[in-house]
Amino acid sequence: MGEAGVRAQHQDQADTVGGEEQGMRTQVAIIGAGPAGMFLAHLLHQQGIAAVVIERRDRAYVEGRVRAGVLEQVTVDLMRKLGLADRLEREGLVHGGTNLSLDGALFRIDMAALTGGSTVTVYGQQEVMRDLFDAAETRDLSILWNVDDVQLHDLDGDRPSVSWTERGVARRLDCEIVVGCDGFHGVCRASIPADVLQTFERVYPFGWLGILADVPPVDHELIYANHANGFALASMRSPTRSRYYIQCALDDDVGAWSDDRFWDELCVRLGPTLGERVTRGASFEKTIAPLRSFVAEPMRWGRLFLAGDAAHIVPPTGAKGMNLAVSDVTMLGEALAEFFIERSAAGIDGYSARALARVWKAERFSWWFTSITHRFPDMDGFSRRLQMAELDYIRTSPTAQKTLAENYVGLPLEAA
Ligand code: APR
Ligand code: PHB
């Protein structure tokens, strides 16, 4: 593959010549060092494709963000393939089942039995980011932190570039491909002309109030609870650290939720049997997050490719956010290897359609799982009874359970 040659040829980062700022050159410019950007950077590095990651914040900020913590098999597989799974193998909690509760009555979905052995692994996104960043240092991946004012240029030609400022100094990176991994609020999606870009959106009329606390989880598996007062989720980060959520109003004030009030409400929603088993303790993180479904199409325009939250958002019910970013960059990594190594554009030409096929199935699942587990403000008795009937159907039907299980553990990349 001539890796060293490719790198020398493409990553000649000529910096200052004669006192003037010069541009840098690489093959792939990756905007954003979240999960999408960092997984892609490692994938490209493994294949000898030169890349530079350009991130607006610093490592501590990106690593410190508390997000979901359930990894599908595609994510575990990618961490293994990239040689990043040592700690995951030691500390990750493998779950073969998950639980639903309707007004306190619990039932289990045996995901492993229903899917021929598939499982999910509980391992926080913060841990994933730490593993990605630690290995990036060891492997000497190029990451530029704290950059401002990123702008993309000439995306419709075959020599695009990225400009930004770093501590007030204007910089430029010439490349062949730009990948927008800059999340929902990034700049890349907006570089696609308005007459090309289509967006699809649902905003939900509630939020999730989430806490972390160093107390043992109420159960060894997750519990998704539908209660007349609203949704609750019992999750975890480790056998000694719990992550709990309750549905709240969008305009709710975190300050109005003391730890005692949170624990009381969580216990009501989990029902008396489980509620009694909850270990309470001081929370060290308490935030409200809105819920949104969003998809941008296409995920490619000219030499710009979108991956992860830059292209799509799911509500957290089902924990698909990071896993979708991983499936996008797995597909994009294959396509870019074809492009740079085999000099074939077939993969990059098919990327948007291939990625969107899987994205929309995860969108459907996350929307559906949200819709059967939450209280909607406009819900009348009819809608509530339909919701209860649907949960009861899942409880009693192995066929319905199988559908839930195969989506929850994550659809295979190829079936999408
Ligand atoms: N320039 C450079 N970097 C930017 C810019 C910009 N203009 N805008 C945003 N970024 C950076 C952010 O600071 C962030 O670190 O892009 C990164 C985007 O990361 P995420 O929002 O985590 O998006 P993604 O990598 O697609 O992750 C998808 O992980 O964080 C979760 O909720 C997210 O579950 C989703 C999944
Ligand atoms: C979490 O542990 O943060 C979590 C787990 C499952 C979800 C969402 C979030 O569906």
Side-chain angles (χ1 to χ4, degrees), residues 29-41 52-72 75 93 95 98-99 120-129 132-133 143-152 162-166 178-191 208 210-212 217 221-224 231-238 241-245 285 287 289 291-292 294 299 306-329 362 365-366 369-370 373 408:
I30 300 173
I31 317 302
M38 288 310 300
F39 271 113
L40 182 63
V52 176
V53 183
I54 300 168
E55 166 60 49
R56 193 169 51 146
R57 311 299 293 253
D58 60 18
R59 171 175 169 169
Y61 174 87
V62 179
E63 203 176 312
R65 291 179 303 183
V66 179
R67 300 284 164 86
V70 178
L71 310 189
E72 291 178 355
T75 304
L93 306 172
H95 286 191
T98 196
N99 302 277
V120 294
T121 303
V122 172
Y123 190 69
Q125 182 170 318
Q126 288 174 291
E127 309 308 322
V128 174
M129 292 315 296
L132 287 164
F133 288 141
I143 310 175
L144 306 175
W145 302 102
N146 295 310
V147 307
D148 292 313
D149 195 22
V150 167
Q151 291 178 36
L152 314 184
V162 181
S163 65
W164 67 95
T165 58
E166 231 173 298
V178 180
V179 186
C181 297
D182 52 346
F184 183 65
H185 300 287
V187 292
C188 292
R189 189 176 64 248
S191 303
W208 277 20
I211 66 157
L212 275 170
E221 290 173 345
L222 271 60
I223 299 164
Y224 292 85
F231 170 78
L233 169 59
S235 181
M236 68 198 72
R237 290 291 172 272
S238 74
R241 179 167 291 182
S242 299
R243 176 80 166 143
Y244 290 109
Y245 300 92
E285 141 93 24
T287 42
L291 278 72
R292 183 195 298 272
F294 174 87
M299 287 171 63
L306 300 179
D309 278 16
H312 42 74
I313 298 285
V314 285
T317 331
K320 296 287 173 219
M322 180 168 62
N323 295 299
L324 266 191
V326 167
S327 66
D328 286 353
V329 299
F365 176 70
S366 307
F369 203 23
T370 304
T373 47
Y408 192 89

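One-based numbering, in listed order, for ligands and for the atoms of each. These numbers were taken from a predicted model, which means no experiment stands behind them.
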Stepwise side chain to side chain contact (heavy atoms under 4.5 Å, CB included) check, Gln151 with Val187 = CA-CA 7 Å; Gln151 291 178 36; Val187 292; over 6 Å; no
Working for side chain to side chain contact (heavy atoms under 4.5 Å, CB included), residues His185 and Asp309 | CA-CA 9 Å; His185 300 287; Asp309 278 16; over 6 Å; no
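Between Tyr224 and Phe231, the ring planes lie tilted relative to each other; the angle falls in the 30° to 60° range.
Across Val53 and Gly32, no two heavy atoms sit closer than the pair CG1-O, 3.6 Å.
Using a heavy-atom distance under 4.0 Å as the criterion, the protein contacts of ligand 1 are Ile31, Gly32, Gly34, Pro35, Ala36, Ile54, Glu55, Arg56, Arg57, Val62, Arg65, Arg67, Gln125, Val150, Cys181, Asp182, Gly183, Gly186, Val187, Gly308, Asp309, Gly321, Met322, Ala325.
Scanning for salt bridge (Lys or Arg N to Asp or Glu O under 4.0 Å) contacts around Glu72 gives Lys320, Arg358, with sequence neighbours left out. Qualifying salt bridge (Lys or Arg N to Asp or Glu O under 4.0 Å) partners for Arg241, counting only residues two or more places apart in sequence or in other chains: Asp214.
Taking CD1 of Ile31 as the reference point, atom CG of Leu306 lies at 11.0 Å (rounded to 0.5 Å).
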Could you give the N/O to N/O pairs under 3.5 Å linking ligand 2 and the protein, each with its distance?
residue, atom, partner, partner atom, Å
ligand 2, 2 (O), Ser235, OG, 2.5
ligand 2, 2 (O), Arg237, NH1, 2.8
ligand 2, 3 (O), Arg237, NH2, 2.8
ligand 2, 3 (O), Tyr245, OH, 2.5
ligand 2, 10 (O), Tyr224, OH, 2.7
ligand 2, 10 (O), Pro316, O, 2.9
ligand 2, 10 (O), Gly318, N, 2.9
ligand 2, 10 (O), Ala319, N, 3.2

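Side-chain atoms of Arg189 come within 3.5 Å of backbone atoms of Phe184 as a donor-acceptor pair (strictly under, hydrogens ignored).
Of the listed residues (Tyr61, Trp164, Phe133), just one forms a ring pair (Phe, Tyr, Trp, His ring centres under 6.0 Å) with Trp145, and that residue is Phe133.
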